[in-house]
Amino acid sequence: MFVYHLNNPIDLEADDGDSFVPLTHWLTDNVRPEKAAWLLETTLALADAAPAVRWDGDMRHLPFVDAHGEDTTGEPALIVIQQEPVADSFVISRRPVSWAQRQSDRWHETRTRDIAPTVFTAQEPNPINPLTPTPF
């Protein structure tokens, strides 16, 4: 995973903010377990890279997803905007993000957590047979 600390905060009101989709909209549009697994992977990567990119763990609001990154590389990029006072911006992705690298003063490559997008479904409990020995 690639985690970038951007030199300048992202201005969501600017033209380049048009590709940023609120995380809640991205997750609920075409709901797939892979999206939840990706979100967990990126969040853990940001936590792993926190000392190197100087992330203190705060967020001003819920993250965004860079929709243009998904179109060009096949991979989305998570955009996190840090809590005040500076509104630092971070970009997290499985692949290098060229625009973020150009705008980054520090970045870190961390391992990707392999989170399987398998959905657990509860099954009916097996009836207990008192005649069957119980393993210890």
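None of the values given here were measured: they were computed from a predicted structure.
Interatomic distance, CG of Leu23 versus CG of Leu62, reported as 6.5 Å (0.5 Å rounding). Rounded to the nearest 0.5 angstrom, Asp105 CG and Asn8 CG are separated by 9.0 Å. Distance NE2/His108 to CZ/Arg106: 13.5 Å, rounded to 0.5 Å. Here the straight-line distance linking atom CH2 of Trp107 with atom CG of Leu6 works out to 13.5 Å at 0.5 Å rounding. Taking CG of Leu46 as the reference point, atom CZ of Phe90 lies at 7.0 Å (rounded to 0.5 Å). A distance of 8.5 Å separates OG1 in Thr42 from CZ in Arg94, rounded to the nearest 0.5 Å.
Residues Gln101 and Tyr4 have side chains in contact (heavy-atom distance under 4.5 Å, counting atoms from C-beta outward). Side-chain contact between Met1 and Ile92: present, with at least one pair of heavy atoms (C-beta onward) separated by less than 4.5 Å. A 4.5 Å side-chain heavy-atom check between Leu78 and Trp38 finds at least one atom pair inside the cut-off. The shortest side-chain heavy-atom distance between Ile10 and Phe20 falls under the 4.5 Å cut-off.
Heavy-atom minimum distance, Pro76 versus Trp26: CG-CZ2, 3.8 Å. Closest approach of Val3 to Ala45, counting heavy atoms only: CG2-O, 3.8 Å. When all heavy atoms of Pro63 and Met59 are compared, the pair lying nearest together is CG-SD, 3.8 Å.
Using a cut-off of 4.0 Å between Lys/Arg side-chain N and Asp/Glu carboxylate O, Asp88 and Arg54 are scored as not salt-bridged.
A side-chain donor-acceptor contact under 3.5 Å links Lys35 to the backbone of Asp29.
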| query | Could you go step by step and tell me if Trp99 and Asp66 meet the side chain to side chain contact (heavy atoms under 4.5 Å, CB included) rule? | reply | CA-CA 11 Å; Trp99 69 263; Asp66 179 10; 3.1 Å; yes

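In the hydrophobic cluster analysis, where Ile, Leu, Val, Met, Phe, Trp and Tyr join through side-chain heavy atoms closer than 4.5 angstrom, Val21 is grouped together with Leu39.
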